[in-house]
Asker: 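Dropping the structure in here first, questions after.
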Amino acid sequence: MRITDTADLWYKNAVIYCVDLETYLDSDGDGIGDLPGLTQRIDYLADVGVSCLWLMPFYPSPRRDNGYDISDMFGVDPRYGDHGDFVELVRVAHDRGIRVIVDLVINHTSDQHPWFRQSRASKDSPYRDFYVWRSDTPPDTSEEAMFPGQEDGIWTYDEKTQEWYLHHFLHTQPDLNTANPQVREAITKTMGFWLQLGVDGFRVDAVPFAINQTTLTGADQHEFLEPHDYLRTLRAFLQRRSSGTSSAMVLGEVNLPHQDQLAFFGGEDGDQLTMQFDFTVNQKTFLSFAREDARPLAEALSERPQNLSVETQYANFLRNHDELTLDLLSAQERDEVLDTFAPEDEMRFAGRGLRRRLPAMFDGDPRRIKMAYSLLFSLPGTPVLFYGEEIGMGENLEVPGREAVRTPMQWSQDKNGGFSSARPSKLARKVVEGPFGPQHVNAAQARRDPESLLHHVSRLARRYRDCPELGWGELTILDQHHHEVLAHRMTSGDQSMILIHNLSPKSLVVPLTLHDEEKGTELIDLLQDGACAVDAEHATDVTLEGYGYRWLRVKRPGDPRLL
């Protein structure tokens with residue numbers, strides 16, 4: 001690996017930060033966050049160490065699903081600003097060295113989108129084939145509904161045309177027929193538009209649904225050879241149209257086991273998604289947290305597909321903007337995590353996930369919280385933060401559904417946590433109360449406290465960027481006898497790091513044997529003062545406090561790197 005490679009494939013060593021505009025910062029006092037407000041906080045994000053900003057949907061929408069029900073893919077919801085405000089945000093972010101990616105929803109639109117309105121107008125409408133219709137009564141599909149408490153199936157009857165339309169999510173989000181070349185052309189036109197305005201890539205929503213065989217109605221009629229060809233087409237278009245000094249990327253939401261994810265990368269060719277969220281590692285991480293046993297996580301990391309294209313990358317996360325889903329775990333494993341971190345029904349979502357943030361799940365224990373974020377940044381891949389994670393925000397269970405974790409950003413102890421000057425009743429969502437509310441958890445206070453989570457995350461982000469082997473290297477799980485400890489090594493060429501995390505409150509001494517290292521090699525701690533030396537038997541001992549962690553750079557005699 002050369003340092004120049006890290007600029008060409010910038011996303012492999014990025015720090016991604018996800019923002020919900022609606023709840024980030026209100027600049028005009030109407031109770032709703034907006035683009036000018038976010039632009040005011042770009043320097044804050046640069047200080048945190050963010051190198052890529054991910055914007056959740058800001059397009060015009062009835063907002064039945066937090067903006068993922070889009071009525072105009074080319075627009076900006078006037079509540080957030082206009083296209084001029086968007087361009088200013090991108091310009092300022094780029095000036096501070098922060099790239100910008102936006103959500104791309106290819107599976108569905110809002111039922112208020114002009115396409116769907118015209119699709120419903122007549123069976124002979126040229127837009128009829130933009131969506132998936134059936135004339136026969138569908139079977140029971142209640143098990144397929146993504147929102148079982150709100151929808152009893154994935155087909156809804158349309159009185160006007162007397163047929164059923166497909167929707168894997170809410171009935172107000174009809175699925176697009178992605179086998180239709182006109183639909184695919186419209187999606188690429190959307191990508192081209194936002195690329196022209198300066199974005200550096202896209203986070204692609206609900207990817208498996210968009211190439212689901214049920215969705216691809218009339219595939220034979222449209223000569224659609226193979227569902228994954230659609231993703232290849234999007235990737236090829238991205239490479240043709242992307243501008244700027246380096247490549248644009250597509251980060252896909254593919255909540256599937258590792259072996260199924262391989263196809264969405266494009267296998268060894270790597271010609272589809274450039275990045276995917278690793279839902280398996282995320283869910284096994286929480287199983288390991290619940291058990292205080294690193295083996296489930298180690299197993300998940302070891303089972304990642306090998307021999308991927310150099311251009312592909314996994315994205316790691318602890319929390320995101322949805323529920324913390326546990327659907328890839330066994331029923332017994334899922335119950336373990338739910339019983340540990342969501343003991344009350346109101347903390348759970350749809351029986352499969354948690355609607356909580358990490359600090360509340362860990363009862364505010366700063367040792368455990370800091371260890372968890374150290375682990376996130378040390379895993380092979382690219383770390384993704386959800387806004388407010390860097391200061392330790394909690395959830396508001398009084399807010400319904402998945403929005404419990406999408407509460408206003410807590411900037412200060414001021415009114416509404418410094419998010420807005422509006423009356424509390426006018427806010428987009430209620431501010432968190434209690435021990436995780438802005439009186440106790442806020443960015444202004446955290447900036448002045450050198451021991452805060454904010455400073456810890458900023459330090460991790462800097463070290464992560466200093467250590468490209470974390471994003472580029474090959475993983476080795478190191479043998480040691482403590483089940484509570486994950487010890488792994490990341491190696492790229494002659495650069496190597498040892499990462500050790502204690503998932504338990506017990507103090508431990510971890511013996512390591514590094515067979516390829518000779519006496520005289522040092523392991524330099526990058527997060528605190530200290531070092532370990534490798535002895536003549538290729539061994540060393542590493543001491544960990546309860547919930548302790550170490551980032552150790554392998555320094556051999558003559559190594560010229562700055563430490």
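Quantities reported herein were computed from a predicted structural model and do not represent experimental measurements. If you read the sequence from its start, that first residue is 1, and numbering goes on from there.
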Asker: Quick one, S378 with Y549, criterion side chain to side chain donor-acceptor pair (under 3.5 Å). Give me CA distance, side-chain angles, the key distance, then yes/no.
Answerer: CA-CA 10 Å; S378 76; Y549 44 88; over 6 Å; no

Asker: Just checking F209 against F169, ring centres under 6.0 Å apart?
Answerer: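 Centroid separation for F209 and F169: below 6.0 Å.
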
Asker: Please check if the side chain of S302 supplies one atom and the backbone of A298 the other of a donor-acceptor pair under 3.5 Å.
Answerer: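 Looks like yes, one N/O pair under 3.5 Å.
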
Asker: Can you list every pair that meets salt bridge (charged side-chain N to carboxylate O under 4.0 Å, His left out) and has a residue in residues 450-460, with sequence neighbours left out?
Answerer: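 Of all non-adjacent pairs touching residues 450-460, none passes salt bridge (charged side-chain N to carboxylate O under 4.0 Å, His left out).
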
Asker: Looking at every heavy atom in both P305 and L262, which two are closest together, and how far apart are they?
Answerer: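 In this case the closest contact between P305 and L262 is CB-CD1, 3.8 Å.
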
Asker: Is a donor on one side and an acceptor on the other found under 3.5 Å between the side chain of S330 and the backbone of E333?
Answerer: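 Yes, the answer is positive, given that a donor and an acceptor are paired below the 3.5 Å cut-off.
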
Asker: What verdict does the side chain to side chain donor-acceptor pair (under 3.5 Å) test give for D69 and S61, after you've listed the backbone C-alpha separation in whole Å, the side-chain angles of each residue and the deciding distance to 0.1 Å?
Answerer: CA-CA 6 Å; D69 50 325; S61 165; 3.0 Å; yes

Asker: Are there more than 12 heavy atoms of other residues, nucleotides or ligands under 6.0 Å from atom CD of Q528?
Answerer: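 Yes, the 6.0 Å shell around CD holds more than 12 heavy atoms from other groups.
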
Asker: So which heavy atom on P257 is nearest to which on L328, and how close?
Answerer: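 For P257 and L328, the tightest heavy-atom pair comes out as CD-CD2, 4.0 Å.
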
Asker: Taking C-beta and beyond as the side chain, do V102 and Y59 meet within less than 4.5 Å on heavy atoms?
Answerer: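 Yes, side chains in contact.
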
Asker: Any side-chain to backbone donor/acceptor pair from E336 onto R334? Under 3.5 Å, distance only.
Answerer: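 Here the side-chain-to-backbone pair does not exist.
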
Asker: Before accepting this row, confirm whether a basic side-chain N of the pair R355/E403 lies closer than 4.0 Å to the acidic partner's carboxylate O.
Answerer: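 No, R355 and E403 are not salt-bridged.
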
Asker: Between D205 (side chain) and L104 (backbone), is there a donor-acceptor pair under 3.5 Å?
Answerer: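 Checked: no pair found.
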
Asker: If we only count heavy atoms from C-beta on, is the L53 to V19 side-chain gap below 4.5 Å?
Answerer: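 Yes; the side chains approach each other to less than 4.5 Å.
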
Asker: Could you check whether E88 and T39, counting side-chain N and O atoms only, form a donor-acceptor pair closer than 3.5 Å?
Answerer: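 Note: T39 and E88 side chains miss the donor-acceptor criterion.
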
Asker: So does F147 get a backbone contact from the side chain of Q150, meaning a donor-acceptor N/O pair under 3.5 Å?
Answerer: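 Such a contact is absent between Q150 side chain and F147 backbone.
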
Asker: Can you check whether M275's main-chain N or O pairs, donor with acceptor, with T312's side chain at less than 3.5 Å?
Answerer: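 A pair under 3.5 Å: no.
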
Asker: Inspect the contact between E522 and K555 and indicate whether a charged nitrogen and a carboxylate oxygen are less than 4.0 angstrom apart.
Answerer: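 Result for this pair is no, no salt bridge flagged.
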
Asker: For the side chain of S51 and the backbone of V15, is there at least one donor-acceptor N/O pair under 3.5 Å apart?
Answerer: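 Yes.
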
Asker: Do L503 and V485 have side-chain heavy atoms sitting under 4.5 Å apart?
Answerer: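 L503 vs V485: side chains apart.
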
Asker: If we ignore angles and hydrogens, is there a donor and acceptor under 3.5 Å between the side chains of E390 and Y44?
Answerer: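 Yes - a donor-acceptor pair under 3.5 Å links their side chains.
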
Asker: When you check the gap from the basic side-chain N to the acidic O, do D466 and R553 get nearer than 4.0 Å?
Answerer: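 Salt bridge absent between D466 and R553.
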
Asker: Is the count of non-hydrogen atoms from other residues, nucleotides or ligands lying under 6.0 Å from D541 atom CG greater than 12?
Answerer: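 Yes, because the 6.0 Å sphere around CG of D541 holds more than 12 heavy atoms from other groups.
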
Asker: Just checking E346: does its CD atom have more than 12 heavy atoms from other residues, nucleotides or ligands closer to it than 6.0 angstrom?
Answerer: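 Counting other residues, nucleotides and ligands, CD of E346 exceeds 12 neighbours.
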
Asker: Does the plane of the ring in H321 sit parallel, tilted or perpendicular to the ring in F386? Use 30° and 60° as the thresholds.
Answerer: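 The rings of H321 and F386 sit tilted, inter-plane angle from 30° to 60°.
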
Asker: Are the side chains of R463 and W551 in touch, meaning some heavy atoms are under 4.5 Å apart?
Answerer: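 Touching, per the 4.5 Å side-chain cut-off.
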
Asker: State, to 0.1 Å, how close W472 and S492 come at their nearest heavy-atom pair, and which atoms those are.
Answerer: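 Minimum heavy-atom separation between W472 and S492: CB-OG, 4.4 Å.
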
Asker: Under 6.0 Å between the ring centres of F362 and F289?
Answerer: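 F362 vs F289: aromatic centres under 6.0 Å.
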
Asker: Just one of M361, R319, M347 clears the side-chain contact (heavy atoms from CB on, under 4.5 Å) bar with L354, so which one?
Answerer: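 Among M361, R319, M347, the one that satisfies the side-chain contact (heavy atoms from CB on, under 4.5 Å) with L354 is M361.
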
Asker: Can we say D103 and R203 salt-bridge, meaning some charged N sits less than 4.0 Å from an Asp/Glu carboxylate O?
Answerer: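 Answer for the salt bridge query: yes.
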
Asker: Should we count CG of D449 as having more than 12 external heavy atoms under 6.0 Å?
Answerer: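 Counting other residues, nucleotides and ligands, CG of D449 exceeds 12 neighbours.
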
Asker: Compute the ring centroids of F279 and F317, then answer whether they are less than 6.0 Å apart.
Answerer: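 F279 vs F317: aromatic centres under 6.0 Å.
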
Asker: Donor-acceptor pair, distance only, cut-off 3.5 Å: does the side chain of H108 make one with the backbone of Q173?
Answerer: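 No; zero donor-acceptor contacts below 3.5 Å.
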
Asker: Quick one: is the NZ or CZ of R368 closer than 6.0 Å to the six-membered ring centre of F341, and within 45° of its axis?
Answerer: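 Cation-pi check for R368 and F341: fails.
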
Asker: Is any side-chain heavy atom of F349 closer than 4.5 Å to a side-chain heavy atom of L324?
Answerer: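 No; the side chains remain at least 4.5 Å from each other.
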
Asker: Please find the pair of heavy atoms, one from G394 and one from T407, that lie closest to each other, and give the distance.
Answerer: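 Minimum heavy-atom separation between G394 and T407: O-OG1, 4.2 Å.
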
Asker: Output all residues satisfying salt bridge (charged side-chain N to carboxylate O under 4.0 Å, His left out) with K430, sequence neighbours left out; order by chain, then residue number.
Answerer: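 Only E398 meet the salt bridge (charged side-chain N to carboxylate O under 4.0 Å, His left out) criterion with K430.
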
Asker: For R96, does the CZ atom have more than 12 heavy-atom neighbours from other residues, nucleotides or ligands under 6.0 Å away?
Answerer: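 Counting other residues, nucleotides and ligands, CZ of R96 exceeds 12 neighbours.
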
Asker: Is the shortest distance from a Lys or Arg side-chain nitrogen in D20 or R429 to a carboxylate oxygen in the other one below 4.0 Å?
Answerer: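 Result for this pair is yes, salt bridge flagged.
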
Asker: Please evaluate residues T476 and H488 with respect to the criterion side chain to side chain donor-acceptor pair (under 3.5 Å), reporting the C-alpha separation (whole Å), side-chain torsions for both, the decisive distance (0.1 Å), and the verdict.
Answerer: CA-CA 6 Å; T476 303; H488 67 286; over 6 Å; no

Asker: Would you check if the side chain of H258 reaches a backbone N or O of L301 as a donor-acceptor pair within less than 3.5 Å?
Answerer: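 Judged by distance alone, no pair lies under 3.5 Å.
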
Asker: May I ask you to say whether E545 pairs ionically with R367, meaning some side-chain N is under 4.0 Å from a carboxylate O?
Answerer: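 Salt bridge flag = no for R367 with E545.
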
Asker: What class does the angle between the rings of F277 and W54 fall in, given that below 30° is parallel, 30 to 60° is tilted and above 60° is perpendicular?
Answerer: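 Rings of F277 and W54: tilted, 30 to 60°.
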
Asker: Give a yes or no on whether a salt bridge exists between R352 and D327, defined as a side-chain N under 4.0 angstrom from a carboxylate O.
Answerer: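 Here R352 does not pair with D327 in a salt bridge, since their nearest N and O are not under 4.0 Å apart.
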
Asker: Would you find more than 12 non-hydrogen atoms of other residues, nucleotides or ligands less than 6.0 Å from K426 atom NZ?
Answerer: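 No, NZ of K426 has 12 or fewer neighbouring heavy atoms, counting only those of other groups under 6.0 Å.
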
Asker: Return the set of residues passing side-chain hydrogen bond (donor to acceptor under 3.5 Å, both in side chains) with S504 (not counting sequence neighbours), or none when no residue passes.
Answerer: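 Scan of S504 (side-chain hydrogen bond (donor to acceptor under 3.5 Å, both in side chains), adjacent residues dropped) gives N502.
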
Asker: Measure the shortest side-chain to side-chain distance between L526 and M497 over non-hydrogen atoms and say whether it is less than 4.5 angstrom.
Answerer: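 A side-chain contact under 4.5 Å exists here.
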
Asker: So, D47 and R462, do they make that salt bridge, N to O below 4.0 Å?
Answerer: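 Salt bridge: no.
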
Asker: Is there a donor-acceptor contact under 3.5 Å from the side chain of D65 to the main chain of Y68?
Answerer: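 Looks like no, no N/O pair under 3.5 Å.
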
Asker: Which atom pair, heavy atoms only, marks the closest approach of A422 to K415?
Answerer: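 Closest heavy-atom pair between A422 and K415: O-CE, 3.0 Å.
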
Asker: So, for I391 and V441, which heavy atoms are closest and what is the spacing to 0.1 Å?
Answerer: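 Here I391 and V441 meet closest at O-CG1, 3.2 Å.
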
Asker: Could you check whether any side-chain heavy atom of F265 comes within less than 4.5 Å of a side-chain heavy atom of Q313, counting everything from C-beta outward?
Answerer: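 F265 vs Q313: side chains apart.
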
